[in-house]
Enquirer: 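Submitted below is the structure of interest, expressed as structure tokens.
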Amino acid sequence: KIPFMVPECQAFVEEFEGALGKGKGRKLYAYKVMMAKKMIKFNRDFDNFKTACIPWERKIKEVESHFGSSVASYFIFLRWMYGLNLVLFAFMFGLVVLPEVMMGLPYGSIPRKTVPRAEQDRAMDISVLLDFGGYCKYSILFYGFYNDERTIGVLQFRLPLSYLLVGVGIFGYSLMVVIRTMARNSDEGGDGGDDGQFTFAFKMFTSWDYLIGNPETADNKYASITTSFKESIVDEQENQKDENIHLRRFLRVLANFLILCSLGGSGFLIYFVVKRSQEFANLDQDELSWFEKNEVEFVMSLLGLVCPPLFETIAELEEYHPRIALKWQLGRIFALFLGNLYTFLFALFDEVNAKLEKEKSIRNATIWGLNEYYSNYSSYHNTTDIPPPDIHPADVIRGPCWETAVGIEFVKLTVSDIQVTYMTILIGDFLRAMIVRFLNYCWCWDLEAGFPSYGEFDISGNVLGLIFNQGMIWMGAFYAPGLVGLNVLRLLTSMYYQCWAVMSCNVPHERVFKASKSNNFYMGLLLLVLFLSLLPVVYTIMTLPPSFDCGPFSGREQMYNVVMETIENDLPAFIGNIFTYATNPGLILPAVLLMVLAIYYLNATSKNYQNANLELKKKMQMKTDRNSNKKSSLFSIGKSLGIWPKI
């Protein structure tokens, strides 16, 4: 046995040589041990510092400990959305809004930055400002305020080019961040279930954190472990459930039919009220009621409030696993929001076409009036040096500026969504919890166990509300640059408001379930919304003519012409030739085909790797079982022979 122990003895002596010696060697070893302990403590404190620097980490951990990982995943997603919008706001504010404010012409200098004379008397009325008219309409919040000069200020800043590149770059940056997040979540992997064995034993004996020294933290950890057990028990019960498959299929088909009818009815209702609003726009605004002015926003917010609970009630027929039911609910509410939004857009672009026709007639009349002025002035004064007409900017006849009108609609939709969301929490959760809490002792039945009881946190509705709101921000930011800043404030207040509401007004779900280890389902929906939000903006840039008297692209046939002007006037000729060749359809189509083939190849390779990983897991499990059986057989043989085998 001695030769086998020599390497272990040598390793022991090398490791503790300083402690075994005397003099300088012993002091050096003590110094090394002390520094090693200090480094361990420093690393632990630095990790705690990094965790403390993560915004709202403690709030989210507290929510997770009481309501489970499924509810906490919403607040993690909300925090991620806040970070994304903060970067988008930095782009929009730093490259569009700030240059216009610092180097552009001031308010009142040109017609697009001046309230018309007919609107000045009511430009500061609260009712007008709440509808984003008056001074709000002619401010940096909207597209029409920005000037069309190629360069502004001492720095010769190219504002129209910056406006276009930032408007498109917002989509590019968002796409990059979403795909990168999805890839990182895929590395973490998992669909919410534990692949390992002995789940409950591991939770029982290894869940507690012995470094906890705060009583409140200990209570949160205790609640978190309890919730984790509930999640695992639900998973086990769902895996062992027996069901009548034919009845289940019939009920699921019936549920999907009812939901499709609801989706079709909501889309028809949106289209109907948008058409009515176009008729109201031609009437005197003073004769219209508040409801008639805000009918579109009210109906869309009401549908977003009523339909998700209706879908959840219908989904009770299907009896899916809670995690699968959540994904179905998310998909259905996503279809509802997306259908409503695109129905609103189709009706809105009908109004845009009408404004373009009106704008064309105003432009022709303006050109005719200027030509008459120049000819009359030239013939009367017998000169070719003709000054511009002396007209105050507030008195100039101007077009409807359809881009600003579209931006106002998106801002009004966002504000109404904020109002409905906050009022729903205040009335539907807080007031309901107050009634249950204080009237339960003097009521005829148990309000906590029966009706109305405490509310549960609506994960699917809140997640889809975030995604739907972000889609409106992506689409509306091109027409209303101030919309991104408004959304940052909304997300910031939502984190505190909803954290307070869920901890004080809601109770955990009756069927607690584990969230997916990766939020790729949320990210997949967000990626789809990003793509669908890009389509109307690209259609606007490439197809619709910009307004002739407002916005940074006025005076051009198409918005993208500002790029061609920059290439022709500011860049060398060979770069223009390269750009011309690169936009040739003969090169674009093969490039797209090559990208599709590359995606197909990478997808096939990924599936092969996944299959190889599964086979490797099976082999490792078989080897573990074989070793376990071998040990059991050897122990049983040794016990029967009275020999204790060495394994």
Enquirer: Quick one: list whatever passes ring pair (Phe, Tyr, Trp, His ring centres under 6.0 Å) with Tyr74, sequence neighbours left out.
Expert: Phe457

Enquirer: Can you name the closest pair of heavy atoms from Leu78 and Ser494 and give their distance?
Expert: CD2-C, 4.2 Å

Enquirer: The criterion is side-chain contact (heavy atoms from CB on, under 4.5 Å); which residues satisfy it with Ser262, sequence neighbours excluded?
Expert: Leu310, Phe311

Enquirer: To the nearest 0.5 Å, what is the distance between OG1 on Thr404 and NZ on Lys137?
Expert: 7.0 Å

Enquirer: Does Asn469 use its side chain to pair, donor to acceptor, with the backbone of Gly465 at less than 3.5 Å?
Expert: no

Enquirer: Looking at CG of Leu526 and CG of Leu175, how far apart are the two atoms once the value is rounded to the nearest 0.5 Å?
Expert: 10.5 Å

Enquirer: Answer yes or no: is there an ion pair linking Arg44 with Asp47, defined by an N-O contact shorter than 4.0 Å?
Expert: no

Enquirer: Phe410 vs Val406, test: side-chain contact (heavy atoms from CB on, under 4.5 Å). Steps then yes/no.
Expert: CA-CA 6 Å; Phe410 276 109; Val406 172; 3.6 Å; yes

Enquirer: Could you give the distance from CD (Glu57) to CD1 (Ile76), rounded to the nearest 0.5 Å?
Expert: 7.5 Å

Enquirer: Show the nearest heavy-atom pair for residues Met475 and Leu345, with the distance to one decimal.
Expert: SD-CD1, 3.4 Å

Enquirer: Between CZ of Phe142 and CG of Leu483, what distance do you get to the nearest 0.5 Å?
Expert: 8.5 Å

Enquirer: Going through the checks in order, is the side chain to side chain donor-acceptor pair (under 3.5 Å) test met by Tyr497 and Thr421?
Expert: CA-CA 11 Å; Tyr497 188 56; Thr421 301; over 6 Å; no

Enquirer: Below 30° counts as parallel, above 60° as perpendicular, anything between as tilted: where do the rings of Trp500 and Phe430 land?
Expert: tilted

Enquirer: Might you confirm whether atom CE of Met503 has over 12 heavy atoms from other residues, nucleotides or ligands at distances under 6.0 Å?
Expert: yes

Enquirer: Quick one: does Tyr135's side chain get under 4.5 Å of Val128's, heavy atoms only?
Expert: no

Enquirer: Checking Phe93 now: which residues fulfil side-chain contact (heavy atoms from CB on, under 4.5 Å) with it, not counting sequence neighbours?
Expert: Phe89, Val97, Leu98

Enquirer: What closest approach, in Å, do Glu403 and Tyr479 show between heavy atoms, and which atom pair accounts for it?
Expert: O-CB, 3.5 Å

Enquirer: Please step through side-chain contact (heavy atoms from CB on, under 4.5 Å) for the pair Met495 and Cys499, ending with a clear verdict.
Expert: CA-CA 6 Å; Met495 176 60 77; Cys499 275; 3.8 Å; yes

Enquirer: With sequence neighbours excluded, tell me which residues meet side-chain contact (heavy atoms from CB on, under 4.5 Å) with Val537.
Expert: Phe171, Phe478, Ile541

Enquirer: Evaluate Thr414 against Asp417 for side-chain contact (heavy atoms from CB on, under 4.5 Å), listing each step before the verdict.
Expert: CA-CA 5 Å; Thr414 303; Asp417 182 61; 5.7 Å; no

Enquirer: Only counting residues at least two apart or in another chain, list the ones meeting side-chain hydrogen bond (donor to acceptor under 3.5 Å, both in side chains) with Asn85.
Expert: Gln470, Asn487

Enquirer: What closest approach, in Å, do Ile427 and Leu431 show between heavy atoms, and which atom pair accounts for it?
Expert: O-CB, 3.3 Å

Enquirer: Starting from the C-alpha separation in whole Å, work towards a yes-or-no answer on side-chain contact (heavy atoms from CB on, under 4.5 Å) for Phe75 and Val502.
Expert: CA-CA 11 Å; Phe75 290 97; Val502 75; 3.9 Å; yes

Enquirer: Once side-chain contact (heavy atoms from CB on, under 4.5 Å) is applied, do any residues pair with Leu260, and if so which ones, sequence neighbours excluded?
Expert: Leu263

